[in-house]
Amino acid sequence: MLFGKKKNKDTMPMDLLLKFNKCPIKYVTERDNETFREKKLGENGAINVMNGEFVIVCGGVNVMRCDIKEVRVAELMNLSGMTVKGYDLDEKREKSVIAYYSDGYVSAARAKTRGK
C-alpha cells in the first residue's frame, strides 16, 4: 500500500463504535440458514465495548462477543438497529445478528447530526 494501512470499509469507524457502549437493546435475532426464519436470541440487553471486544449481552448472557478489530457493524436503513457480523468468541463460529435498539434510543448517526 502506498499510504499506509487499508481501512475496513465494512464497518463503522472506531469512534462511532465506541458511542454504542451501553446502548440499550430491545432484542437480538439471527436468521437460520436452513429454515430462513428469524430466531430470537435474547431481549432487554445492551452493547458493551470494552477490553478490545464488542459484546451484546441480553439477560446477563453473552449473545455475541467479537474482537473489536474484526467485527463488522452497520446500522439498518431506518436506524432502528444494527447488523453485527463477526467471529463469535464464545460459540467459536462466524455469526451474523440483528440488534434492535430499545425504544427511545437515538442512534449514533442521528446523534452526530442532531446538533447541527
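Residue numbers count from 1 along this sequence.
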Item to complete: Check whether any side-chain heavy atom of Leu18 sits under 4.5 Å from a side-chain heavy atom of Asp15, and report yes or no.
Response: no
Discussion item. Going by side chain to side chain contact (heavy atoms under 4.5 Å, CB included), name the residues that satisfy it together with Asn44, two or more places apart in sequence or in a different chain.
Written reply: none
Practice prompt. Considering non-hydrogen atoms only, spot the tightest contact between Leu89 and Cys66 and give its length.
Written response: CD1-C, 4.1 Å
Worksheet item: So if you build clusters from Ile, Leu, Val, Met, Phe, Trp, Tyr with side-chain heavy-atom gaps below 4.5 Å, do Met14 and Val73 land together?
Response: yes
Item to complete: Check Ile56, Ile47, Val28 against Val84 for a side-chain contact (heavy atoms from CB on, under 4.5 Å) and give me the one that passes.
Response: Ile56
Practice prompt. Under the salt bridge (Lys or Arg N to Asp or Glu O under 4.0 Å) rule, collect the residues that match up with Lys39, sequence neighbours excluded.
Written response: none
Worksheet entry | Qualifying residues under salt bridge (Lys or Arg N to Asp or Glu O under 4.0 Å), relative to Asp67, sequence neighbours excluded | none
Discussion item. Would you compute the distance between atom CD of Glu70 and atom OH of Tyr87 and round it to the nearest 0.5 angstrom?
Written reply: 11.5 Å
Worksheet, complete the sentence: Residue set satisfying side-chain hydrogen bond (donor to acceptor under 3.5 Å, both in side chains) with Glu91, at least two apart, ordered chain then number -> Arg93, Lys95
Discussion item. So, using side-chain hydrogen bond (donor to acceptor under 3.5 Å, both in side chains) as the criterion, who are the partners of Arg37 when residues are at least two apart?
Written reply: none
Practice prompt. Kindly write out the residues that satisfy side chain to side chain contact (heavy atoms under 4.5 Å, CB included) with Leu76, not counting sequence neighbours, or none if the list is empty.
Written response: Asn78, Ser80, Thr83, Ile98, Tyr100
Practice prompt. Apply side chain to side chain contact (heavy atoms under 4.5 Å, CB included) to Ser96 and list each qualifying residue two or more places apart in sequence or on a separate chain.
Written response: Lys85
Discussion item. Give me each pair satisfying salt bridge (Lys or Arg N to Asp or Glu O under 4.0 Å) with a member in residues 51-61, each pair once, sequence neighbours excluded.
Written reply: Glu53-Arg65
Practice prompt. Return the set of residues passing side-chain hydrogen bond (donor to acceptor under 3.5 Å, both in side chains) with Asn62 (not counting sequence neighbours), or none when no residue passes.
Written response: Asp90
Discussion item. If the condition is side-chain hydrogen bond (donor to acceptor under 3.5 Å, both in side chains), which residues does Asn51 pass it with, not counting sequence neighbours?
Written reply: none
Worksheet entry | pair Leu41-Thr29: side-chain heavy atoms closer than 4.5 Å | no
Fill in: Test item: Tyr101 and Cys23 side chains (from C-beta on) under 4.5 Å apart, heavy atoms
yes
Worksheet item: Within the distance-only criterion (no hydrogens, no angle test), does the side chain of Asn48 pair as donor or acceptor with the backbone N or O of Val55 below 3.5 angstrom?
Response: no
Worksheet item: Shared ILVMFWY cluster between Met82 and Tyr27, side chains joined below 4.5 angstrom?
Response: no
Practice prompt. Apply salt bridge (Lys or Arg N to Asp or Glu O under 4.0 Å) to Glu94 and list each qualifying residue two or more places apart in sequence or on a separate chain.
Written response: Arg72
Item to complete: Return the set of residues passing salt bridge (Lys or Arg N to Asp or Glu O under 4.0 Å) with Lys40 (not counting sequence neighbours), or none when no residue passes.
Response: Glu43
Discussion item. According to a hydrophobic-cluster definition based on side-chain heavy atoms being under 4.5 Å apart (Ile, Leu, Val, Met, Phe, Trp, Tyr only), do Val57 and Ile68 belong together?
Written reply: no
Worksheet item: Could you give the distance from CD1 (Ile25) to OG (Ser102), rounded to the nearest 0.5 Å?
Response: 8.0 Å
